[in-house]
Amino acid sequence: MEYKRVLTVQDISCFGQCSLTVALPIISACKIETAIMPSAVLSTHTAGFSGFTFRDLTGDLPQIIDHWVKEGIKFDCIYTGYLGSITQIEYVKRMKKDLLKDGGKLIVDPAMGDNGKLYSIFDEKYALEMATLCEIADIILPNITEVCFMTGLDYREVYDEEYVKRAIQALLDKGIKTVVLTGIGYTPETTGVIVAQNGKFDYYRHEKIEKGCHGTGDVYSSAFVGAYVRGKTLFESAKISANYTLQCIKNTRGDKDHWYGVKFETALDTLIKAIEE
Ligand code: PXL
């Protein structure tokens, strides 16, 4: 097994099972060296808690980059999630230039909205700036809400294949190379993921669990990065991470006190097994 090194850039929500507290353990469990660049520190995530603290770390980012450049530290993959500001998006562009090995991959989860709405701290200007980061990424992992905000496509709750093709085409027209579009379902009982690359679309459809759970986007993207960096194909990685996320939701759904995230630790063995098969 080749030992790889990933950098993940996103916030630390100290409590709540999302962003870095999910990405670091999941990618490490995949037997990959995982470095972190925290974009902000919050006491909890922002979806469902009130009165959370927020310490912006934007000013630290260029200093960390400069130090790593001096040390000659480079990565096989940089994976970004929830970022705090447009300035941070600009710093990620610098990370791609200065910290990614030749042939390394930039994987971007735009992590800025869901169900037709942007998360509370973001606006349309941020979404358009995020689109410029997606344009220079090797792989992006958006949901349909994020595609709409990045391309101007009208958001629909119910849609058909023609609408989804238009959504993906709008991204490809921006020069985006590879899209892993999550949360796409054509019937009430199913959802799935579409992998679009080189003019070809592949769809992995699976069971949908009615109530959406918080943090599953981050669980999905982290598992995808783990599988992909370990050498799985794009489609295998998309499928493995979908199955893992589904298992995490199943392991959580009976516990009404656990509304803020999923018990991703309880299914890590299934993820590693699928990667090593
Ligand atoms: O899971 C995405 C996410 C990450 N970080 C913070 C969030 C959210 C979603 O709401 O609030 C701080």
Side-chain angles (χ1 to χ4, degrees), residues 6-27 34 36-58 60-61 78-89 91-92 107-124 126-127 129-130 133-134 137 140-150 155 180-183 191 193 209 211-226 241-242 244-246 248-249 252-253 258-265 267:
V6 168
L7 166 63
T8 181
V9 189
Q10 39 194 316
D11 71 278
I12 298 178
S13 288
C14 298
F15 182 84
Q17 285 175 313
C18 72
S19 42
L20 275 183
T21 67
V22 161
L24 176 60
I26 291 179
I27 303 170
T34 311
I36 59 167
M37 178 93 73
S39 58
V41 179
L42 295 85
S43 50
T44 64
H45 62 62
T46 65
F49 295 100
S50 55
F52 48 83
T53 67
F54 183 97
R55 183 174 299 276
D56 181 24
L57 296 180
T58 303
D60 291 45
L61 266 46
I78 297 177
Y79 150 48
T80 69
Y82 190 101
L83 302 173
S85 63
I86 286 179
T87 311
Q88 291 192 357
I89 295 176
Y91 290 145
V92 172
I107 301 182
V108 173
D109 176 350
M112 61 185 169
D114 211 354
N115 302 314
K117 291 200 199 85
L118 290 174
Y119 297 141
S120 56
I121 70 160
F122 301 126
D123 59 16
E124 284 170 18
Y126 178 88
E129 196 60 33
M130 180 54 78
L133 180 61
C134 289
I140 67 166
L141 298 152
N143 59 35
I144 198 79
T145 299
E146 291 155 349
V147 177
C148 289
F149 278 100
M150 290 195 289
Y155 175 77
V180 178
L181 181 58
T182 57
T191 186
V193 50
I209 295 176
K211 215 173 125 320
C213 283
H214 189 268
T216 50
D218 299 341
V219 168
Y220 182 87
S221 297
S222 304
F224 175 88
V225 168
S241 42
Y244 169 61
T245 307
L246 196 59
C248 294
I249 298 171
T252 309
R253 68 179 159 173
H258 207 101
W259 55 269
Y260 48 84
V262 290
K263 299 176 180 175
F264 69 91
E265 310 85 349

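Atoms within each ligand, like the ligands themselves, are counted from 1 in listed order.
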> Between H45 and F52, does a side chain to side chain contact (heavy atoms under 4.5 Å, CB included) hold up when you go through it step by step?
Replying inline: CA-CA 8 Å; H45 62 62; F52 48 83; over 6 Å; no

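- Taking all atoms of both residues into account, the shortest heavy-atom contact from D109 to L141 is OD1-O, 3.4 Å.
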>> Please evaluate residues F15 and Y260 with respect to the criterion ring pair (Phe, Tyr, Trp, His ring centres under 6.0 Å), reporting the C-alpha separation (whole Å), side-chain torsions for both, the decisive distance (0.1 Å), and the verdict.
In response: CA-CA 9 Å; F15 182 84; Y260 48 84; 4.8 Å; yes

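- Between F122 and Y126, the ring-plane angle classifies as parallel under the 30° and 60° cut-offs.
- Side-chain N or O atoms of S43 include one that pairs as donor or acceptor with a backbone N or O of T53 at under 3.5 Å.
- Close contacts between ligand 1 and D218 involve ligand atoms 1 (O), 2 (C) [criterion: under 4.0 Å to a heavy atom].
- Counting heavy atoms closer than 4.0 Å to ligand 1, residue H214 contributes side-chain atoms (C-beta onward) but none from N, CA, C or O.
- Judged by the shortest distance from any of its heavy atoms, S19 lies inside the 4.0 Å radius around the atoms of ligand 1.
- Nearest non-hydrogen protein atom to atom 12 (C) of ligand 1 is S13 OG, 3.4 Å.
- Distance from atom 5 (N) of ligand 1 to its nearest protein heavy atom, with residue and atom name: D11 OD1, 2.7 Å.
- The closest donor-acceptor contact from the side chain of Q88 to the backbone of S39 lies under 3.5 Å.
- Y82 CD1, 3.4 Å is the protein heavy atom nearest to atom 3 (C) of ligand 1.
- Annotation: atom 11 (O) of ligand 1 to nearest protein heavy atom, T46 OG1, 2.6 Å.
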